[in-house]
Amino acid sequence: MQVHSEADLAGLVERLVPSELPGARGIGAWQSLLRAHATLMRQLETDLEQQTGLALADYDVLAQLALADGQLRMTDLANRALISRSGMTRRVARLVDEGLVRRADTNTDGRGVVVAITDSGVARLAATVPAHVRGIAEYFVSRLEDEELVVLERALDKVTIDCTFG
């Protein structure tokens, strides 16, 4: 096993990045995006759970179902919520136990499972949306000018790729 000095390790990434990304173009923007995402999501998660008792991922499932007019196939829900199918299966099972969603077999082919938001889920979502949107307003929107929001949306749309999870 080779032993590296701390100085060697500290500069490792900085030495390797330019070979793949000349001049390290965009690395600062990339690191800022990662930090912003991580810190915003942690803060929104913490605030939402403290204020409403609902996990951010559970809120996302309920919101995705509402945006889809109340129901989605499990695979579509997992793709929209950006978590794995197995992770979605466990999350939906907990939400079923809480009475916020229900599962049903699809009428079309019998192979898929449809997840639908219940009346209790709609009520829980309606009670939770204001707290979540207040967090978005406080931690994100209020810190950017209108022009920056437009540019940021346009820029991020350019780099959004199909990220369906299996």
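All residue numbers refer to positions in the sequence shown, counting from 1.
- Within the model, atoms CG of Asn79 and CZ of Arg73 stand 11.5 Å from one another, a figure rounded to the nearest 0.5 Å.
- Side-chain contact between Ile117 and Val61: absent, with no pair of heavy atoms (C-beta onward) separated by less than 4.5 Å.
- Shown here for Ala81 and Met88, the closest heavy-atom pair between the two residues is CB-CE, 3.5 Å.
- Under the 3.5 Å distance criterion, with hydrogens and angles disregarded, no donor-acceptor pair is assigned to the side chains of Arg42 and Thr39.
- You'll find the side chain of Leu33 reaches within 4.5 Å of the side chain of Leu156, heavy atoms only.
- Counting heavy-atom neighbours within 6.0 Å of Asp119 CG, excluding the residue itself, gives a total of 12 or less.
- Remark: Arg134 CZ to Gln51 CD distance equals 5.5 Å, nearest 0.5 Å.
- Hydrophobic clustering, with ILVMFWY side chains joined whenever heavy atoms are under 4.5 angstrom apart, groups Met41 together with Val141.
- In this structure, Leu125 and Ala66 approach most closely via the heavy-atom pair CD2-CB, 3.5 Å.
- By the 4.5 Å heavy-atom criterion applied to side chains, Val101 and Leu62 are counted as neighbours.
- Two residues are said to be in side-chain contact when any heavy atoms from C-beta on lie closer than 4.5 Å; Val92 and Arg103 meet this criterion.
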Does the pair Val96 and Arg102 meet the rule for a side-chain contact (heavy atoms from CB on, under 4.5 Å), with working shown? CA-CA 5 Å; Val96 166; Arg102 61 181 168 75; 5.6 Å; no
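- Of the inter-residue distances, the one linking Gln43 atom CD with Leu56 atom CG reads 11.5 Å to the nearest 0.5 angstrom.
- A single hydrophobic cluster is seen to contain both Leu34 and Tyr139, as judged by linkage of ILVMFWY side chains at heavy-atom distances under 4.5 Å, directly or through other members.
- Looking only at side-chain heavy atoms (C-beta outward), Glu49 and Leu54 stay at 4.5 Å or farther from each other.
- Rounding to the nearest 0.5 Å places NE2 of His132 at 8.0 Å from CG of Asp60.
- In this structure, the side chains of Gln31 and Arg35 come closer than 4.5 Å at one or more pairs of heavy atoms.
- Within the 4.5 Å cutoff, the side chain of Val115 has no heavy atoms near those of the Gln71 side chain.
- When atom types are taken as modelled, the side chain of Arg124 and the backbone of Thr52 share a donor-acceptor pair closer than 3.5 angstrom.
- Here the straight-line distance linking atom CZ of Arg80 with atom OG1 of Thr75 works out to 10.5 Å at 0.5 Å rounding.
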Verdict with reasoning, Val114 to Leu72, per side-chain contact (heavy atoms from CB on, under 4.5 Å): CA-CA 5 Å; Val114 170; Leu72 284 167; over 6 Å; no
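- Hydrophobic clustering (ILVMFWY, side-chain heavy atoms < 4.5 Å, transitive): Val129 and Leu67 are in distinct clusters.
- Residues Leu12 and Leu21 do not share a hydrophobic cluster, clusters being chains of Ile/Leu/Val/Met/Phe/Trp/Tyr side chains in contact below 4.5 Å.
- Atom CG of Asp47 and atom CD of Glu138 lie 7.0 Å apart (nearest 0.5 Å).
- The number of heavy-atom neighbours closer than 6.0 Å to CG of Asp97, taken from other residues, nucleotides and ligands shown, is above 12.
- Glu145 CD: 12 or fewer foreign heavy atoms inside a 6.0 Å radius.
- A continuous path of ILVMFWY side-chain contacts below 4.5 Å connects Ile136 to Leu48, so both sit in one hydrophobic cluster.
- Of the possible donor and acceptor atoms, none in the side chain of Ser120 sits under 3.5 Å from a partner among the backbone N and O of Leu100.
- Considering all non-hydrogen atoms of both residues, Arg91 and Ala57 come closest at CZ-CB, 3.3 Å.
- Within 6.0 Å of the CD atom in Glu20, the count of heavy atoms belonging to other residues, nucleotides or ligands does not exceed 12.
- By the 4.5 Å heavy-atom criterion applied to side chains, Leu44 and Phe140 are not counted as neighbours.
- Under a cut-off of 6.0 angstrom, the local environment of CZ in Arg25 is sparse, with at most 12 non-hydrogen atoms contributed by other residues, nucleotides or ligands.
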